[in-house]
Amino acid sequence: MDEFRIDSHKLMYHVERVNQWLKGVDVYPIYMEVSPIGACNHRCTYCALDYMEYQPRSLDTGMLKKRLTEMGSLGVKSIMYAGEGEPLLHKDISEIINHTKGSGIDVAVTSNGVLFTDRVFEACLKSITWIKISINAACPETYSKIHRTKEEDFGKVIENISRAVRFREANKLTSTIGMQMILLPENVNEAATLARKAKDIGADYLVIKSYSQHLKSLTKKYAGFSYANYLDLNKELQKISDSRFKVVFRENAMRKLEEGRTYRQCMALPFWSYIDSGGGVWGCSAFLNDDRFLFGNINTSTFEEVWKGEKRKKALAFVEKELDIRECRKNCRMDEVNRYLWELKNPSKHVNFI
């Protein structure tokens with residue numbers, strides 16, 4: 001049911017880049033996350049990056065477009081616009097998205113959807129491979145409490161998604177339009193209702209995912225929440241799925257929260273990176289504001305200069321030789337990639353018996 005491997009990884013589709021890395025080549029990232037703006041119009045109760053303080057800073061459009069052109073030429077294959085703020089708040093987000101695609105880079109967006117209006121999707125949906133709208137309840141009251149916003153935002157988001165789907169169909173676009181709910185004590189009983197609503201308005205999927213405590217987050221409200229008693233919810237949700245609409249219940253990620261890691265070292269840093277709304281390039285989004293993971297800044301250097309620079313070499317050496325991964329966030333963005341790379345580097349004795 002997980003057509004897009006949302007609860008797994010896709011690094012096995014990039015054999016050439018992985019083989020280069022295995023041979024010791026310093027490869028460029030396949031995937032990047034970029035935060036075009038630090039401000040946000042919501043204050044979600046579960047926000048992992050609340051410690052970044054929603055700074056009203058944004059990436060300069062002209063500078064970013066130059067870097068995107070460069071990044072495409074260097075082999076970056078995809079960028080997700082998300083980050084510590086709401087990406088659609090950037091005044092030039094449609095122009096940035098279209099330029100990204102024009103640079104040969106696939107585009108994704110993670111948004112709360114309030115600003116995913118006709119003006120935005122008519123301008124740039126053609127350039128978006130997928131957009132995932134975070135909507136963590138099935139009714140206005142619960143939604144407003146979790147997103148800490150006005151109740152009317154719920155209706156706006158549902159209408160925006162519905163109108164975007166109709167626009168996509170009318171213009172024969174291929175963009176995937178999905179929704180996502182972080183399963184929390186407040187919304188557990190609304191998951192099935194939201195799934196049916198998502199299906200009714202024409203979304204392609206609804207992801208139900210687990211909360212993972214960020215080690216730097218100010219909020220600790222859900223730190224002890226266990227998913228062990230909620231795994232059976234998947235059976236009810238799969239009854240709503242059909243050939244057109246899918247509920248992706250991230251059971252694998254939920255189970256991993258209760259288990260230990262299968263790897264002893266983070267190996268994923270060469271394949272991805274994060275750019276914050278101030279232009280900082282980071283090895284890991286779980287360690288923003290930790291200078292041990294800061295590679296450089298695209299406001300003052302080209303991306304190539306940052307990626308080949310001494311700060312990045314020092315950061316990679318630290319991760320390889322010193323980092324205790326017990327410091328890391330459980331179920332981090334690259335957890336599945338790390339499991340895969342660890343097996344490649346540390347195969348079992350019977351791998352030839354395929």
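Computation of the quantities below employed the complete heavy-atom set of this structure, encompassing side-chain atoms and omitting hydrogens, waters and symmetry-equivalent molecules.
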Hey, is the main chain of [Y] close enough, under 3.5 Å, to the side chain of [X] for a donor-acceptor pair?
| X | Y | result |
| --- | --- | --- |
| Asp2 | Ile6 | yes |
| Asn338 | Cys266 | no |
| Asn299 | Gly278 | yes |
| Glu251 | Asn234 | no |

Above 12 or not: heavy atoms from other molecules or residues under 6.0 Å from [atom1] of [X]?
| X | atom1 | answer |
| --- | --- | --- |
| Arg244 | CZ | yes |
| Lys308 | NZ | yes |
| Glu259 | CD | yes |
| Asp200 | CG | yes |
| Lys23 | NZ | no |
| Glu327 | CD | yes |
| Lys345 | NZ | yes |

Would you please classify the geometry between the [Y] ring and the [X] ring as parallel, tilted or perpendicular, with 30° and 60° separating the classes?
| X | Y | value |
| --- | --- | --- |
| Phe303 | Tyr28 | tilted |
| Phe121 | Phe167 | tilted |
| Phe353 | His350 | perpendicular |

Does any donor atom in the side chain of [X] or [Y] lie under 3.5 Å from an acceptor atom in the other side chain?
| X | Y | result |
| --- | --- | --- |
| Ser277 | Gln55 | no |
| Tyr263 | Asp335 | yes |
| His99 | Thr69 | yes |
| Tyr211 | Gln213 | yes |
| Thr176 | Tyr205 | no |
| Glu95 | Thr61 | no |
| Ser241 | Gln238 | yes |
| Asn41 | Asn112 | yes |

Is there side-chain contact between [X] and [Y], with heavy atoms separated by less than 4.5 Å?
| X | Y | answer |
| --- | --- | --- |
| Asn136 | Glu186 | no |
| Phe293 | Val319 | yes |
| Leu183 | Leu233 | yes |
| Leu68 | Ile79 | yes |
| Leu257 | Asn331 | yes |
| Ser226 | Glu258 | yes |
| Cys328 | Leu323 | yes |
| Ile208 | Met254 | yes |

Answer yes when [X] and [Y] have at least one side-chain N-carboxylate O distance shorter than 4.0 Å, and no when they do not.
| X | Y | value |
| --- | --- | --- |
| Glu336 | Arg5 | no |
| Glu190 | Lys197 | no |
| Glu70 | Lys66 | no |
| Asp26 | Lys313 | no |

For [X] and [Y], I'd like to know if the aromatic rings sit close, meaning centre-to-centre distance below 6.0 Å.
| X | Y | result |
| --- | --- | --- |
| Trp307 | Phe295 | yes |
| Tyr51 | His214 | yes |
| Tyr230 | Phe225 | yes |

Exercise for the section: Please confirm whether Arg43 makes a cation-pi placement over Tyr54, using NZ or CZ under 6.0 Å from the six-membered ring centre and within 45° of the ring normal. Expected result: yes
Problem - Stacked cation flag Lys10 on Trp272, 6.0 angstrom / 45 deg - result: no
Problem - Among Glu343, Arg339, Lys256, the one residue meeting side-chain contact (heavy atoms from CB on, under 4.5 Å) with Thr262 - result: Arg339
Practice task
Apply side-chain contact (heavy atoms from CB on, under 4.5 Å) to the pair Val18 and Phe271, showing each step before the final yes or no.
Solution key: CA-CA 9 Å; Val18 174; Phe271 298 99; 4.1 Å; yes
Exercise for the section: Could you check Asn98 against Lys126 for side-chain contact (heavy atoms from CB on, under 4.5 Å), going step by step and ending with a plain yes or no? Expected result: CA-CA 8 Å; Asn98 289 333; Lys126 63 182 181 294; 3.8 Å; yes
Handout entry: Straight-line distance of Arg148 CZ to Thr45 OG1, nearest 0.5 Å
Key = 6.5 Å
Practice task
To the nearest 0.5 angstrom, please state how far the CG atom of Leu206 sits from the CE atom of Met181.
Solution key: 7.0 Å
Problem - His42 vs Val114, side-chain contact (heavy atoms from CB on, under 4.5 Å): CA-CA, chis, key distance, verdict - result: CA-CA 10 Å; His42 286 182; Val114 175; 3.6 Å; yes
Handout entry: Step-by-step side-chain contact (heavy atoms from CB on, under 4.5 Å) determination, Lys216 to Asp290
Key = CA-CA 10 Å; Lys216 295 191 175 194; Asp290 184 335; 3.3 Å; yes
